Amino acid sequence: MKLVIDDTVLPVQLVRTDRRKTVSISLEDGAIRVLAPKRLSERRIQEIIDNKSNWIGKRLKDQATAPKIESKKFMDGETFSYLGKHYIFEIRRDIESSVKLKSGRLISTLGLTVSKREELDAHRVQVTNWYHERATDVLTQKTAQYGRALKLTPSAIRIKNYKARWGSCAISGEISYNWKIMMAPPRIIDYVVIHELSHLVHHNHSDKFWRQVGKSFPEYRECRTWLRNFGQTLMF
Ligand SMILES: [Zn+2]
């Protein structure tokens, strides 16, 4: 059995079962698998699959472009994202520990006193701290810059380690950002800053709030979509 999508012939794995009364189609790792009742004719099954070809084609495309999330092992050659650019991770040993960006590489140097057993944790901690520090600098500066333009001033700015949000704005006027946003391209960071600043005017996600965001950042919709699609890649 096969399915033709965009002139490409795709093999279909047909599994017959008596435990089903209807046909179900699943896509696993780009392969099409069809579960069908034993008595249903092949011609009828083929018809059902052909009718679903648009849907299958779209799902296959989505799967192929879905970003893969891998947790970092802090080994040479891995890539880390900073302000939307990719850097090759490099580990070094020297007298003192440090983290630096240099000619396309993110170099994490561990001091000589760090034992082999502690290495992975030590890299994770110091690289996280480095992102945290960069976040403090960049987000404080961007918040001040956009805040001046919009005549909005938060009572304080904090950098936090959120699991599933990019920022928040308390009723007290305190704005918090997730340090992981530092991995995103600059325009996405700008959007998050403007989003939180706009909460100083509207403490909700009402239409008024989105109009406020759109006034200072017309391309905000594209940034929201980007975060929805790629946000989960901004972590390690
Ligand atoms: Zn919000």
Side-chain angles (χ1 to χ4, degrees), residues 58-59 61-72 78-87 99 101 106 124-236:
K58 198 187 165 304
R59 288 283 303 275
K61 217 174 267 170
D62 286 349
Q63 283 189 358
T65 53
K68 300 252 185 302
I69 310 138
E70 297 163 48
S71 61
K72 299 275 189 261
E78 284 182 314
T79 56
F80 278 76
S81 179
Y82 176 66
L83 299 180
K85 289 203 180 87
H86 294 295
Y87 293 87
V99 179
L101 278 189
L106 176 67
R124 183 181 295 280
V125 167
Q126 73 175 15
V127 171
T128 305
N129 286 342
W130 179 82
Y131 273 98
H132 218 280
E133 281 161 23
R134 299 308 307 130
T136 305
D137 275 10
V138 172
L139 291 162
T140 304
Q141 189 242 316
K142 277 186 190 285
T143 307
Q145 177 200 331
Y146 284 116
R148 261 195 309 275
L150 299 166
K151 298 196 169 55
L152 295 168
T153 316
S155 61
I157 298 170
R158 299 203 194 291
I159 307 299
K160 290 187 181 168
N161 183 37
Y162 290 123
K163 270 218 164 71
R165 63 196 307 176
W166 302 112
S168 76
C169 179
I171 296 289
S172 63
E174 181 179 307
I175 288 179
S176 302
Y177 296 111
N178 188 343
W179 62 267
K180 292 171 187 136
I181 200 65
M182 295 307 292
M183 299 181 204
R187 71 177 193 289
I188 305 295
I189 302 177
D190 290 349
Y191 159 67
V192 171
V193 169
I194 292 199
H195 180 119
E196 298 311 334
L197 279 172
S198 301
H199 276 316
L200 292 172
V201 188
H202 303 284
H203 283 279
N204 52 44
H205 291 116
S206 60
D207 290 348
K208 276 186 187 159
F209 166 78
W210 288 114
R211 271 200 297 280
Q212 169 79 30
V213 174
K215 239 182 1 195
S216 30
F217 205 77
E219 63 272 42
Y220 74 93
R221 278 196 189 84
E222 184 262 330
C223 296
R224 287 183 79 195
T225 309
W226 192 97
L227 279 172
R228 222 174 288 135
N229 292 338
F230 299 102
Q232 49 191 337
T233 65
L234 308 178
M235 53 182 61
F236 51 72

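Atoms within a ligand are numbered from 1 in the order they appear, just like the ligands themselves. None of the values given here were measured: they were computed from a predicted structure.
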Problem set entry | the Zn ion (ligand 1) to His205: nearest N/O/S atom name | NE2

Seminar exercise, completed: Closest to the Zn ion (ligand 1), among the N/O/S atoms of His199, is atom NE2

Exercise. Checking ring pair (Phe, Tyr, Trp, His ring centres under 6.0 Å) against Phe80, which of Phe236, Trp130, Tyr87 comes through?
Worked result: Phe236

For this session: Answer yes or no: are there more than 12 heavy-atom neighbours, outside Arg187 itself, under 6.0 Å from its atom CZ?
Result: yes

For this session: Establish, yes or no, whether a centroid distance under 6.0 Å links the rings of Tyr162 and Trp179.
Result: no

Problem set entry | Heteroatom N/O/S of Cys169 within less than 2.8 Å of the Zn ion (ligand 1) | no

Exercise. Ring centres of Phe209 and His195 under 6.0 Å apart?
Worked result: yes

